[in-house]
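Presented below is the structure to which this report refers.
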Amino acid sequence: MIGVDTNILLRWIAGDSLAEDAASHQLELVQQLANGSEELFVNQIVIVELVWVLRQRARLAKAAVVELVTRLLHATNIVVHERETLLAAVDSYSRFPGGFSDHLLGEINKRNGCRTTLTFDKAAAKSPHFSELKR
């Protein structure tokens with residue numbers, strides 16, 4: 001097994017092209033990665049950074065990012081710590097406002113016994129995992 005850093009994963013997925021019109025090409029590359037023979041370890045921080053770069057720098061649509069990350073997480077040769085937690089966070093991210101890191105944080109807290117996570121973030125507070133704390 002080989003660990004993969006965000007910049008390696010991004011370069012592999014997007015090459016030098018991080019643009020909206022490259023989304024179908026990126027999905028094709030994720031499929032190629034999924035069919036590889038070497039196991040690759042991708043940790044939760046790498047997924048958070050990947051989503052941030054694809055949304056903020058590449059300006060990919062949320063739906064395209066969700067599809068790409070979901071395919072990546074379902075790849076048989078990708079080893080991910082707490083895959084089910086990440087998949088649940090992707091699902092929550094796809095349905096509610098807020099950043100992906102917020103949804104992952106909420107999902108981790110839920111799975112560790114928290115009934116809610118307090119936040120000042122109005123967007124994150126729209127997720128069922130959060131409660132907005134009024135200032």
Side-chain angles (χ1 to χ4, degrees):
M1 180 166 43
I2 298 172
V4 179
D5 188 10
T6 310
N7 55 16
I8 299 296
L9 189 58
L10 276 166
R11 181 61 58 106
W12 192 87
I13 290 172
D16 292 323
S17 173
L18 284 177
E20 182 67 42
D21 61 352
S24 63
H25 175 67
Q26 292 163 351
L27 290 173
E28 180 181 317
L29 288 171
V30 168
Q31 193 62 43
Q32 289 176 12
L33 177 64
N35 294 331
S37 60
E38 183 78 52
E39 280 192 331
L40 303 172
F41 182 77
V42 179
N43 69 50
Q44 293 173 334
I45 295 169
V46 169
I47 299 297
V48 169
E49 290 178 345
L50 175 71
V51 171
W52 187 88
V53 170
L54 293 175
R55 289 286 289 146
Q56 301 303 316
R57 296 283 188 207
R59 303 274 186 223
L60 289 182
K62 189 177 192 177
V65 172
V66 166
E67 183 176 358
L68 190 145
V69 172
T70 300
R71 285 188 186 194
L72 185 67
L73 293 174
H74 281 98
T76 57
N77 66 322
I78 300 293
V79 177
V80 180
H81 176 68
E82 297 187 14
R83 181 184 312 264
E84 294 306 315
T85 301
L86 276 165
L87 286 168
V90 169
D91 179 61
S92 179
Y93 173 64
S94 72
R95 295 183 297 120
F96 299 100
F100 177 71
S101 61
D102 297 322
H103 292 280
L104 180 57
L105 181 142
E107 192 62 40
I108 290 170
N109 289 353
K110 173 187 164 193
R111 289 170 185 257
N112 282 281
C114 298
R115 64 178 167 76
T116 193
T117 297
L118 296 176
T119 185
F120 289 118
D121 185 330
K122 291 183 184 312
K126 293 180 180 171
S127 163
H129 298 313
F130 289 88
S131 297
E132 184 179 359
L133 189 60
K134 304 288 183 183
R135 294 183 189 206

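Count residues from 1 along the sequence.
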Fill in the blank from the handout: Note: Ile47 and Phe100 closest approach over all heavy atoms is CG2-CE2, 3.7 Å
Practice task
Taking salt bridge (charged side-chain N to carboxylate O under 4.0 Å, His left out) as the test, write out the residues that go with Arg83, two or more places apart.
Solution key: none
Handout entry: same_hphob_cluster(Ile8, Val48) at 4.5 Å side-chain heavy-atom cutoff
Key = yes
Problem - Nearest-0.5 Å distance, CG of residue Leu54 to CG of residue Leu10 - result: 5.5 Å
Handout entry: Exam field: side chain His103 to backbone Pro97, donor-acceptor pair closer than 3.5 Å
Key = yes
Problem - Closest approach of Val46 to Val42 (non-hydrogen atoms, all atoms of both residues) - result: CG1-CG1, 3.6 Å
Exercise for the section: For Leu104 and Gln44, work out which heavy atoms get closest and say how close. Expected result: CD2-CB, 4.1 Å
Exercise for the section: Indicate yes or no for a side-chain donor-acceptor contact from Ser94 to the backbone of Val66 under 3.5 Å, with no hydrogens or angles considered. Expected result: no
Completion exercise
Taken to the nearest 0.5 Å, the spacing of Asp5 CG from Glu49 CD works out to 7.0 Å
Exercise for the section: Calculate, to the nearest 0.5 Å, the distance between atoms OG1 and NZ belonging to Thr116 and Lys110 respectively. Expected result: 11.5 Å
Handout entry: Shortest non-hydrogen contact from Met1 toward Leu40
Key = CG-C, 4.4 Å
Problem - Common cluster, Phe130/Leu86, ILVMFWY with side-chain heavy-atom separation under 4.5 Å - result: no
Problem - Connected via hydrophobic side-chain network under 4.5 Å: Val90 and Phe96 - result: no
Handout entry: Transitive ILVMFWY side-chain link Val51 to Leu105, under 4.5 Å
Key = no
Practice task
Taking atom CG of Leu133 as the centre, report whether more than 12 heavy atoms of other residues, nucleotides or ligands fall under 6.0 Å from it.
Solution key: yes
Completion exercise
When every non-hydrogen atom of Ala88 is compared with those of Glu107, the smallest separation belongs to CB-CD, 3.4 Å
Problem - Residues in salt bridge (charged side-chain N to carboxylate O under 4.0 Å, His left out) contact with Arg95, at least two apart in sequence or another chain - result: Asp91
Handout entry: Residues in salt bridge (charged side-chain N to carboxylate O under 4.0 Å, His left out) contact with Glu132, at least two apart in sequence or another chain
Key = Lys122, Lys134
Exercise for the section: May I ask you to check whether over 12 heavy atoms, not counting those of Lys126, lie within 6.0 Å of atom NZ? Expected result: no
Completion exercise
Asn109 and Thr117 have their tightest heavy-atom pair at ND2-OG1, 2.9 Å
Handout entry: Path from Leu73 to Leu68 over hydrophobic side-chain contacts below 4.5 Å
Key = yes
